[in-house]
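For reference, the structure is listed below as structure tokens.
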Amino acid sequence: MPKRVKPGTRADELYARLRHDIFTARLRPGQRLKFPDLCTTYDTSVGVAREALTKLSSERLVTLQAHQGYTVAQLSADELTDLTHARIELESLAFRMAILQGDAAWESGVVAAHHLLSLRDREAADGERGDDWYLAHEEFHTALLAGCGNRRLTEIAQGLRAEAELYRRWASPMLHESGRDPAAEHQALARVAVDRDADLGAQLLREHIACTTRMLLTRLPGIEEPSDGELAPQRG
């Protein structure tokens, strides 16, 4: 998920720069991140680079491999499919519980978060999505689950969403080609939350999550089909 990095250490600043370069494909999936190259390119030290890479590793944006060092995370069809199946089940469950148990403050939070996301959609209508859009998008999905009432379930669901952020960023340029309308999908999710339709809400969120994965599996160069076949549509 997008991070608000406060002004602070040089490691914080390098972390933000590396994260941005991974999401924008300046650093490609599978690319080795050698300390001498990083220090030269980003004008930093080995210690600072190591600290920043450790943070990125905790988000699974980079991996540490024996005898090879750090590399940018690979785009894996099997990993994406497993991740998507887990997200579909847990996020839809948390959303269902939020619809059934969330109070008026939760409902207001969903409406406010959707309004901000709609503003960001209009700003990005004629250009690429920036970090402000991704932050608003994450805050909206966080708001959907916030009324769940089960802290552990919510934390697990949010952690899985964070792992999927790289894939979402890579899927973004394909939206125009696919004819998909994420803004309409988000509006529908906000509406069912207000209408307190738990069954429809769970179904819409399952489809919303699965759609991105199916799009990536069929359109993204360099990603192979999962070993057990394409992700099937998920229904609540």
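Computed from a prediction, not measured in an experiment: that's the story for all the values here.
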* Asked: Where do Glu79 and Tyr167 land on the side-chain contact (heavy atoms from CB on, under 4.5 Å) test, with the steps shown first?
  -> CA-CA 11 Å; Glu79 178 73 16; Tyr167 293 96; 4.1 Å; yes

* Asked: Salt bridge or not for Asp199 and Arg96, using N-O below 4.0 Å?
  -> yes

* **Short N-O contact, Arg168 and Glu165, less than 4.0 angstrom** => yes

* Does a side chain donor of either Thr81 or Asp78 reach within less than 3.5 Å of an acceptor in the other side chain? -> no

* To do: Report the C-alpha separation of Leu33 and Thr71 in whole Å, then their side-chain angles, then the decisive distance to 0.1 Å, and conclude whether the side-chain contact (heavy atoms from CB on, under 4.5 Å) test is met.
  => CA-CA 5 Å; Leu33 301 172; Thr71 63; 5.7 Å; no

* Looking at Glu123 and Arg120, does any basic side-chain N land under 4.0 Å from a carboxylate oxygen? -> yes

* Structure fact -> With Tyr70 as partner, the option from Leu56, Leu38, Val62 fulfilling side chain to side chain contact (heavy atoms under 4.5 Å, CB included) is Val62

* Asked: Looking only at atom types and distance, does a side-chain atom of Ser57 sit under 3.5 Å from a main-chain N or O of Leu53, one as donor and one as acceptor?
  -> no

* How far does CZ of Arg196 sit from CG of Leu100, to the nearest 0.5 angstrom? -> 8.5 Å

* Structure fact -> Output for pair (Arg19 CZ, Leu166 CG), nearest 0.5 Å, gives 9.5 Å

* To do: Enter the distance from Thr84:OG1 to Glu91:CD here, rounded to the nearest 0.5 Å.
  => 10.0 Å

* Answer yes or no on whether Arg169 is positioned over the face of Tyr134, meaning its NZ or CZ is under 6.0 Å from the six-membered ring centre and within 45° of the axis. => yes

* Side-chain donor/acceptor of Thr40 to backbone N/O of Asp37, under 3.5 Å -> no

